Number of protein chains: 2
Amino acid sequence: MRFETSTIKDIAKALGLSTSTVSRALRDRYEISEETKKLVLAYAEKVNYRANPIALSLKERRSYSIGIIVSEIANNFFSQVINGIESIAYDRGYHVIISQSHESHKQEKLNVEHLASRSIDGLLIALSSETQDITYLRNLYSKGLPIVFFDRVPEDFDTHKVIANNFKGSFDATEHLILSGKRTIAHLTNSENLSITKERLKGYQAALAKYHIEFKPELVKYCQHGGMHSAELEQAVKELLPYKPDGIFISSDRLTTGCIMALKKTNPEVAHKIAIAGFTNSNLVELFSPSLTSVKQPAFEMGQVATELLISMIEAKREITEFETKILDTELVRMQKNIGNRFL
Amino acid sequence: MRFETSTIKDIAKALGLSTSTVSRALRDRYEISEETKKLVLAYAEKVNYRANPIALSLKERRSYSIGIIVSEIANNFFSQVINGIESIAYDRGYHVIISQSHESHKQEKLNVEHLASRSIDGLLIALSSETQDITYLRNLYSKGLPIVFFDRVPEDFDTHKVIANNFKGSFDATEHLILSGKRTIAHLTNSENLSITKERLKGYQAALAKYHIEFKPELVKYCQHGGMHSAELEQAVKELLPYKPDGIFISSDRLTTGCIMALKKTNPEVAHKIAIAGFTNSNLVELFSPSLTSVKQPAFEMGQVATELLISMIEAKREITEFETKILDTELVRMQKNIGNRFL
DNA sequence: GACGTTTTTGGGAACGTTTGCACACTTTTT
DNA sequence: AAAAAGTGTGCAAACGTTCCCAAAAACGTC
């Protein structure tokens, strides 16, 4: 069974014209007489003609589609980024193809190469927490595939990047904990090789320093799998508790929710005694118990900005040599004591 | 700037062979001598040759990609379905293209037609809550586009469908509320024209009937936009409260979280007094306060089953006349009093 | 060594488009 | 009346593949 549509050839045959005439009439070229144009347009309308994008892609060697790689679409941050990407892409006539790495380097590479071979015009990617070696991306890039990184970006890769102001977001969150009287503030974070991990650690340290609180490395726990494995997370929490933290600053969406979950599960008696501040774009934060202070990333906007940069690369006439790293501000949503904790 | 890859032509030229020979060598056809095959394969490997899928699509008039339409990817249920779809699709050599309707009929139609014109081989769709008129889908279907519906399915459309056992899920949830002593149980639900709305209403009614509780239409509130507009939801909740419900059964993911949110916002003093049971696939349910009993749909499995059915349609030699409607069981996750309510 | 087989290779059309070029016809200019 | 210019159309190539068909090469057989 095959999906059948009418082609330019069908129209040409039906109208006794050549394919070139039909093509030109449809594209409203000046060479074609008004009369013929009307005829063709009317008939095309009648048979509901749609140009075959596959044929166009082959001809023009581009597909008007852009690839997206995120670790997980079931993640508020990423799904919001995707919405931002779509909002711009569709306006500019591009289609998006979404792939998930599930935080696996292997899967990420596989997906990117699949996308590349499917003639995407450009790639938007947030690296998986496992990824360290990005030579495969360098290869594609050097062959002419435009790439824009967002959120999790590599350090030494000369292209456009869009990130949140991770330093400031972390600083603010940590400071908030300090100002609410916490002094033993742990830091639960992602894989050490991610850019966001490093930046957020710095913000945390800076806030501690500002208030003359000693930075203790043993209070920092890294989760290689970014919260994908609950066992890893529970282990980290377990290792943290003996230090009796009165606050935890958590550096990613999945880890934040996962950590609260782990706390409730393994140590319900302390779960409500530890103040939590963490990165998350969940729109359900208000429902959480214990409640928390959250750092919201401008996800939608990030998607938009990244897409604009990518399309500008795709459509650039000459080679681009000047690249930007856009930094967008995060938003601190303070714990709502009057709601979330009313019932404690 | 254009993305450059090596083609069969390049290989042919480099090796002094014809394109046909190269093509056959790469596809390991019997006609080609071992020697030539080795030569070609080695060279192809060296230049990292990848067949151009666009060219293949044009030639074979199929794209090995399947379209997905859901209302929102930032919805646990749908993102889990998508994961299920992907798990099967990739195994079978298909790529997926995801589009969101955002519960808008217009957007849904636009997206479907865009996908169709991009030569998808088949379509997996959960209708938007607005959708009533599906003639556009009938047209595509009659032109030979295989379609499988999941979750939100139309009544009179002869094709494969995959749904949850909505009746039983609703029955169980409502019965659970009754068994915990609730007698005035409201029902907050989606747009009236969705299949799931009707089925879930029936389950709710049946449970009431079993325990000889009178069904009161005024306790049922429909949300046309499926919880996309918080105003609509707040209004519904506001209209419900005067009846002093001691339990609410809610029939969709978004509505469930939205309703709790609305309750907390507008009437925090009663939020914890009303028992809530609702459909949701959120993996954060354990964090919610007030806690709730949830009906979990087998989302991942639903995606898998739907995809298998779709691929069987795509790859069918002859026309299919027998269609199935697969019904998958839901899971009732009871409120965990020992955790969620400990701090009430 | 002539002929028939078998094995291996190449030519060219096709998938649906766009577009440079050439052609035919009409109109204008000289 | 002839040349030039303008208008409208068609031919054919190209994008990267696959595959039917034919051709060439290699091998046996008598």
Side-chain angles (χ1 to χ4, degrees), chain A residues 2-41 43-44 47-65 93 116-121 143-144, chain B residues 2-41 43-44 47-65 93 116-121 143-144:
Chain A
R2 197 121 299 172
F3 187 51
E4 40 187 72
T5 36
S6 38
T7 73
I8 249 178
K9 277 190 188 171
D10 300 333
I11 299 181
K13 196 178 288 174
L15 263 38
L17 292 169
S18 74
T19 57
S20 18
T21 305
V22 174
S23 170
R24 275 184 274 243
L26 289 170
R27 322 205 103 231
D28 202 23
R29 294 303 178 95
Y30 70 96
E31 307 112 309
I32 304 298
S33 68
E34 279 307 318
E35 207 180 348
T36 315
K37 272 184 194 169
K38 256 189 219 152
L39 190 72
V40 171
L41 252 38
Y43 189 81
V47 298
N48 192 26
Y49 169 80
R50 291 288 132 91
N52 181 331
I54 301 280
L56 284 175
S57 290
L58 182 59
K59 184 111 230 304
E60 304 191 8
R61 269 125 117 224
R62 55 175 304 185
S63 59
Y64 283 96
S65 61
S117 83
R118 277 216 76 89
S119 314
I120 50 166
D121 295 344
K143 277 193 197 155
Chain B
R2 198 122 297 173
F3 186 52
E4 41 188 70
T5 36
S6 38
T7 73
I8 248 178
K9 276 190 189 173
D10 300 333
I11 299 181
K13 196 177 289 174
L15 262 40
L17 292 168
S18 73
T19 57
S20 11
T21 306
V22 175
S23 170
R24 274 183 279 241
L26 289 170
R27 321 204 105 229
D28 201 24
R29 293 304 177 93
Y30 68 97
E31 309 112 309
I32 304 298
S33 68
E34 279 308 319
E35 207 179 347
T36 317
K37 272 185 196 170
K38 256 189 220 152
L39 190 71
V40 171
L41 252 37
Y43 189 80
V47 298
N48 192 26
Y49 168 80
R50 290 289 132 93
N52 180 330
I54 301 279
L56 284 175
S57 291
L58 183 59
K59 184 111 228 306
E60 303 190 8
R61 271 123 117 224
R62 55 175 304 186
S63 58
Y64 283 96
S65 61
S117 84
R118 280 216 77 89
S119 316
I120 50 168
D121 295 344
K143 276 193 198 154

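Bear in mind that the values here come from a model prediction, so they are computed numbers and not experimental data. Order of the sequence lines fixes the chain letters, A, B, ..., with proteins taken first and strands second; residue numbering starts at 1 for each chain.
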Under 4.0 Å, heavy atom to any atom of DNA chain C: which of residues 21-29 of chain A qualify?
Ser23(A), Arg24(A), Arg27(A), Arg29(A)

Residues in side-chain contact (heavy atoms from CB on, under 4.5 Å) contact with Lys13(A), at least two apart in sequence or another chain
none

Rounded distance (Å) that lies between atom P of dT7(C) and atom CD of Glu35(B):
16 Å

Lys37(B) vs Leu58(B), nearer the 5' end of DNA chain C by closest nucleotide
Lys37(B)

In this structure, NZ of Lys143(B) is separated from OG1 of Thr5(A) (nearest 0.5 Å) by 7.5 Å

Tell me, which of residues 49-56 of chain A have any heavy atom that sits under 4.0 Å from an atom in DNA chain C?
Tyr49(A), Arg50(A), Ala51(A), Asn52(A), Ala55(A), Leu56(A)

Kindly give the heavy-atom pair with the smallest separation between Tyr43(B) and Ala14(B), and that separation in Å.
OH-CB, 3.4 Å

List the residues meeting side-chain contact (heavy atoms from CB on, under 4.5 Å) with Thr36(B), not counting sequence neighbours, and say none if there are none.
Leu17(B), Thr21(B), Ile32(B), Ser33(B), Val40(B)

So, using side chain to side chain donor-acceptor pair (under 3.5 Å) as the criterion, who are the partners of Ser23(A) when residues are at least two apart?
none

Report the residues that fulfil side chain to side chain donor-acceptor pair (under 3.5 Å) with Arg29(B), sequence neighbours left out, ordered by chain and then residue number.
none

Asn52(B): partners by side-chain contact (heavy atoms from CB on, under 4.5 Å), with sequence neighbours left out
Leu58(A), Ser119(A), Ile54(B), Ala55(B)

Write down the distance between CZ (Arg62(B)) and C1' (dG16(C)), rounded to a whole number of angstrom.
18 Å

Under 4.0 Å, counting only non-hydrogen atoms across every strand here, what does Thr7(A) touch: a base, just sugar-phosphate, or nothing?
sugar-phosphate

Atom NZ of Lys59(B) to atom C1' of dT17(C): distance rounded to whole Å?
16 Å

Using chain A heavy atoms and a threshold of under 4.0 Å, write down where along DNA chain D the contacts begin and end, 5' to 3'.
dG8(D) to dG16(D)

With Arg27(B), which residues qualify under side chain to side chain donor-acceptor pair (under 3.5 Å), at least two apart?
none

Describe the nucleic acid contact of Ser57(B) in one word from base, sugar-phosphate, nothing, applying a heavy-atom distance below 4.0 Å.
nothing

Considering the terminal five base pairs at each end of the helix from dG1(C)-dC30(D) to dT30(C)-dA1(D), what angle separates the two local helix axes, rounded to 10°?
70°

Residue met sooner reading DNA chain D from 5', once Thr19(A) and Ser33(A) are mapped to nucleotides:
Ser33(A)

Could you state the NZ-C1' distance from Lys9(B) to dG11(C), rounded to the nearest angstrom?
13 Å

Roughly, in whole Å, what's the span from CZ in Arg61(A) to P in dT18(C)?
16 Å

For Ser65(B), side-chain contact (heavy atoms from CB on, under 4.5 Å) partners two or more places apart
Ser63(B), His95(B), Ile97(B), Ile120(B)

By side chain to side chain donor-acceptor pair (under 3.5 Å), Thr19(B) pairs with (sequence neighbours left out) none

Verdict with supporting geometry, Leu26(B) and Ile8(B), side chain to side chain contact (heavy atoms under 4.5 Å, CB included):
CA-CA 9 Å; Leu26(B) 289 170; Ile8(B) 248 178; 3.9 Å; yes

